Protein chains: 2
Amino acid sequence: MQEKETTKNFGAYMDRTIKLIKHNYTKSFKEIGVDITTEQWVILDSLNEKDGLSQNELASGSFKNAPTVSRIIDLLCKKDLTERKPSKEDRRKHHIFLTVKGRNTYLKALPIVEGLRKKGWNGLNDEDYDHFIRIMNQVFSNFEL
Amino acid sequence: MQEKETTKNFGAYMDRTIKLIKHNYTKSFKEIGVDITTEQWVILDSLNEKDGLSQNELASGSFKNAPTVSRIIDLLCKKDLTERKPSKEDRRKHHIFLTVKGRNTYLKALPIVEGLRKKGWNGLNDEDYDHFIRIMNQVFSNFEL
DNA sequence: TCAATATATTTGTCATAGCAACTATTGTTA
DNA sequence: TAACAATAGTTGCTATGACAAATATATTGA
């Protein structure tokens, strides 16, 4: 029988798992010749969902901060996967759009991502997922206050 | 009733939760005047558990890679929290030890860390923890192959 | 023993992330 | 309207992290 720790070091488990997940994404993207990082994928995914988001909207949607998004967009634009268009209503804002190349890249990467998600959840079921989401949301809201 | 996605985007939940956890650690360390980062804490914690580990051992124990550990130890030594001592058996190796200041820093930070772990698991119980660990281990081993 | 190989660590480069400070613009309010 | 505050984005600085290459030392095998 396993002794219960007085405090639960759940962070370490998440940390090592996240690192391994990102490693798998990076490796798989490279294998199919898609030149993006895991974090760049997150941004492309948001834009595919809703094109023309502002950088702030991308930031809050992906839980990144403004400088990080600014620099990721720099790189994506340099690779011609996205473009910045100045907003007409608010001249401080940029709207970010997928280019044709960006959308193609997204579509090329998508089956890989879905494959990795399936692979990662192998041996687990929908109940596990519900429980997992409940735990994650609880931990998140515990720290949010 | 919630529709089940075909693929489960568990990574995003872990990502945002990890970020929030680290933010809380950083903020709390600062508040009590402990000048270390979350990742530096991880290394100090390993050394408190077993002093004199080599950098490689620290790396594999904390799921960091060798260059990252090398640089974290640089910073910890600069702050006089650890010291490198050359190994006698193997002249490639260093053994890393906590200094007195390092151990005091560890002891000062420890109750904060335990408080944050308790806070994070608030509203959750031991069964949740068992399930959480099972899920994390399963996901980890799914990607390890 | 000598050459090939493996291991421990360091260094360089780039991407991500957090924080602070800055610019430019917009909104508020006295 | 003029000052002030708020917002969107950028830039600088530092830390972490991944990866490749370099150095120094150890180990192995012909």
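Chain identifiers are assigned alphabetically (A, B, ...) following the order of the sequence lines, protein sequences preceding nucleic acid strands; residue numbering begins at 1 within each chain. Below, each value reflects all heavy atoms present in this structure, side chains not excepted, and no hydrogens, waters or symmetry copies. Bear in mind that the values here come from a model prediction, so they are computed numbers and not experimental data.
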If only side-chain N and O atoms of B/Lys19 are considered, is one of them under 4.0 Å from the OP1 or OP2 phosphate oxygen of C/dG18? no
A/Gln55 atom CD is separated from C/dT23 atom P, nearest whole Å, by 19 Å
So side-chain hydrogen bond (donor to acceptor under 3.5 Å, both in side chains) across residues 52-68 of chain B, not counting sequence neighbours, yields B/Glu39-B/Lys64, B/Ser54-B/Glu57, B/Gln55-B/Arg84, B/Asn65-B/Thr68
To the nearest angstrom, the CD1-P distance between A/Ile73 and C/dA17 comes to 13 Å
Rounded to whole Å, the NZ-P distance (B/Lys22 to C/dG18) equals 9 Å
To the nearest angstrom, the OH-C1' distance between B/Tyr25 and C/dA17 comes to 18 Å
What pairs of nitrogen or oxygen atoms, one from the protein and one from nucleotides 19-22 of chain C, lie under 3.5 Å apart?
unit_1, atom_1, unit_2, atom_2, d
C/dC19, OP1, B/His23, ND1, 3.4

Point to revise | Polar side-chain atom of B/Thr82 near backbone of B/Ile96 as donor-acceptor pair, under 3.5 Å | key: no
B/Ile18 atom CD1 is separated from C/dG18 atom C1', nearest whole Å, by 15 Å
Whole-Å distance, A/Leu75 CG to C/dA15 C1', equals 7 Å
Exercise: do B/His131 and A/Asp128 side chains pair donor with acceptor under 3.5 Å: yes
To the nearest angstrom, the CD1-P distance between A/Ile43 and C/dA15 comes to 15 Å
Side-chain contact check for A/Asp90: nearest option of C/dT26, C/dA15, C/dT9 is C/dT26
- B/Ser54 side-chain N/O to C/dA8 phosphate OP1/OP2 under 4.0 Å: no
Comparing B/Glu89 with A/His95, nearest DNA chain D nucleotide closer to 5' gives the residue A/His95
Aromatic ring pairing B/Phe10/B/Phe143, orientation class (parallel under 30°, perpendicular over 60°, tilted between)
tilted
Backbone N/O of A/Asn122 and side chain of B/Gln138: donor-acceptor pair under 3.5 Å:
yes
By salt bridge (Lys or Arg N to Asp or Glu O under 4.0 Å), A/Asp15 pairs with (sequence neighbours left out) A/Lys19, B/Lys22
Quick note, ring-ring contact (aromatic ring centres under 6.0 Å, His included) partners involving residues 99-118 of chain B, not counting sequence neighbours, are B/Trp41-B/Tyr106
Any side-chain heavy-atom pair of B/Ile36 and B/Leu81 under 4.5 Å: yes
First and last nt of DNA chain D near chain B, cut-off under 4.0 Å to heavy atoms, 5' to 3', are D/dA15 to D/dA26
Report task. Scan A/Asp74 against the nucleic acid and name what it touches under 4.0 Å (heavy atoms): base, sugar-phosphate only, or nothing. Result -> nothing
Residues at least two apart in sequence or cross-chain that pass salt bridge (Lys or Arg N to Asp or Glu O under 4.0 Å) with A/Arg16, listed by chain then number, are none
Comparing nearest nucleotides in DNA chain D, the 5'-proximal residue of the pair A/Asp15, A/Arg92 is A/Arg92
